[in-house]
Amino acid sequence: MDKIFETLNLINNRLSNIESNLNRIEEKVDLSLAIQRNHLLRIKNGEELSDEMVLLGKPYNDLTPEKAHKIYRNPDIDFMILDVTAKNYAPVRPLDSTVKIPIQELEGRINEIKSKTTPILVISEDGVNSINACEMLVKRGFFNVNNVSGGYKFWPGFRVKDLDKSA
C-alpha cells in the first residue's frame, strides 16, 4: 500500500512540474506575441526597427544619443522622456519635459507613466539604468520603449556634473 502512495505522490509531483513548465511556456509565448504585435504596429506606423529587434525579438529599441536627440528636437513626433537616473545624479542641464523617476523607485511608481502606447525615450546617467528600466517597462506591458544608449554621458551638447558622493 505504501508503494502505491509513493508512486501516486511521484506522479503528482511530475504532473505539478509539467503544469509549472507549461505555465512558463505560455507566459513566454504571450510575451513573444505581444512583442511581435508591437513590431508590426511600429512598421505599420512607419517607424524604424533595427534588424536585431525583428530577428531576435528584442522588446525595446536602442537609440544612439544622436538619433534620440533628433527625436527630442522634432516637434512633430509624439513621445515622452523617462529619466531613470539615480537619485544622486544631476546633469548640468536636465532635458525639458522629462518624467523623472529614479531607477530605485521605478517599480513602485510605474503607474505614473499614463500611456502604454506613447513612445518612451528612457535615459539615465550612462545607459545602464535605462536598460534595466526598459526591461522592467516591457515586463509591465510597455512595448514602445527606446533606450538612449550612453545616456546623458553622450547626449549631444551636455556636460555631466560629478556624482554627489555624500548622497
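Owing to the predicted nature of the structure, the values given are computational and were not obtained by experimental measurement.
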Exercise. Are Asn144 and Tyr60 linked by a side-chain donor-acceptor pair shorter than 3.5 Å?
Worked result: no

For this session: State the CD1-CG distance between Ile18 and Asn13, to the nearest 0.5 angstrom.
Result: 11.0 Å

Exercise. Do Ile113 and Ile120 come within less than 4.5 Å of each other through their side chains, counting heavy atoms only?
Worked result: yes

Exercise. In Å, rounded to the nearest 0.5 Å, how long is the span from CG of Asn23 to NZ of Lys28?
Worked result: 12.5 Å

Exercise. Backbone N or O of Ala86 within a donor-acceptor pair of the Glu125 side chain at under 3.5 Å?
Worked result: yes

For this session: State yes or no: do Ile77 and Leu95 share one hydrophobic cluster built from I, L, V, M, F, W and Y residues joined by side-chain heavy-atom distances below 4.5 Å, directly or via other members?
Result: yes

Exercise. Of all heavy-atom pairs between Gln36 and Gly57, which one has the smallest distance, and what is that distance?
Worked result: NE2-CA, 3.9 Å

Problem set entry | Spacing of CD1 belonging to Ile71 relative to CG belonging to Asp78, to within rounding of 0.5 Å | 12.0 Å

Exercise. Can you find a pair of side-chain heavy atoms, one from Ile101 and one from Val99, that are under 4.5 Å apart?
Worked result: yes

For this session: Let me see the working for Arg109 and Glu112 under salt bridge (Lys or Arg N to Asp or Glu O under 4.0 Å), right down to the final yes or no.
Result: CA-CA 6 Å; Arg109 295 178 54 194; Glu112 293 178 29; 2.8 Å; yes

Problem set entry | Non-hydrogen atoms of Val148 and Pro65 that approach each other most closely | CG1-CA, 4.2 Å

Exercise. At what distance, to the nearest 0.5 angstrom, does CG of Asn21 lie from CD of Glu19?
Worked result: 10.5 Å

Exercise. side-chain contact (heavy atoms from CB on, under 4.5 Å) between Ser149 and Thr64: does it pass, once the steps are laid out?
Worked result: CA-CA 5 Å; Ser149 296; Thr64 65; 5.9 Å; no

Problem set entry | Linked, directly or transitively: Met53 and Ile131 (ILVMFWY side chains, under 4.5 Å) | no

Exercise. Could you walk me through whether Phe142 and Ile110 pass the side-chain contact (heavy atoms from CB on, under 4.5 Å) check?
Worked result: CA-CA 10 Å; Phe142 295 85; Ile110 209 161; 4.1 Å; yes

Exercise. When you look at Ile123 and Ser130, which way does the side-chain contact (heavy atoms from CB on, under 4.5 Å) test go after all the steps?
Worked result: CA-CA 5 Å; Ile123 192 166; Ser130 57; 5.6 Å; no

Exercise. So do Glu27 and Leu31 actually touch side chain to side chain, heavy atoms under 4.5 Å?
Worked result: no

Problem set entry | Any donor-acceptor N/O pair, Ser32 side chain to Val29 backbone, under 3.5 Å | no

Exercise. More than 12 foreign heavy atoms under 6.0 Å from NZ of Lys58: is that the case here?
Worked result: yes

For this session: Keeping the roles fixed (side chain from Lys116, backbone from Arg140), state whether a donor-acceptor pair exists under 3.5 Å.
Result: yes

Exercise. Lys100 side chain to Thr85 main-chain N or O, any donor-acceptor pair under 3.5 Å?
Worked result: yes

For this session: Could you tell me whether the side chain of Met80 reaches within less than 4.5 Å of the side chain of Leu121, counting heavy atoms only?
Result: no

Exercise. If only atom types and distance count, is the side chain of Ser20 paired as donor or acceptor with the main-chain N or O of Ser16 below 3.5 Å?
Worked result: no

Problem set entry | Step-by-step side-chain contact (heavy atoms from CB on, under 4.5 Å) determination, Asn61 to Val145 | CA-CA 6 Å; Asn61 204 7; Val145 179; over 6 Å; no

Exercise. Does a side-chain heavy-atom distance below 4.5 Å link Leu137 with Leu82?
Worked result: yes

For this session: Using modelled atom types only, decide if a donor and an acceptor are shared between the side chain of His39 and the backbone of Pro59 within a distance under 3.5 Å.
Result: no

Exercise. Does the side chain of Val84 reach to within under 4.5 Å of the side chain of Pro102, using non-hydrogen atoms?
Worked result: no

For this session: Drop me the distance from Asn38's CG to Ile43's CD1, to the nearest 0.5 angstrom.
Result: 9.5 Å

Problem set entry | From Asp83 atom CG to Ser124 atom OG, the distance as rounded to the nearest 0.5 Å | 8.0 Å

Exercise. Got a donor-acceptor contact below 3.5 angstrom from the Tyr72 side chain to the Asp96 backbone?
Worked result: yes

Problem set entry | Beyond-backbone contact of Leu40 with Lys44, side-chain heavy atoms, under 4.5 angstrom | no

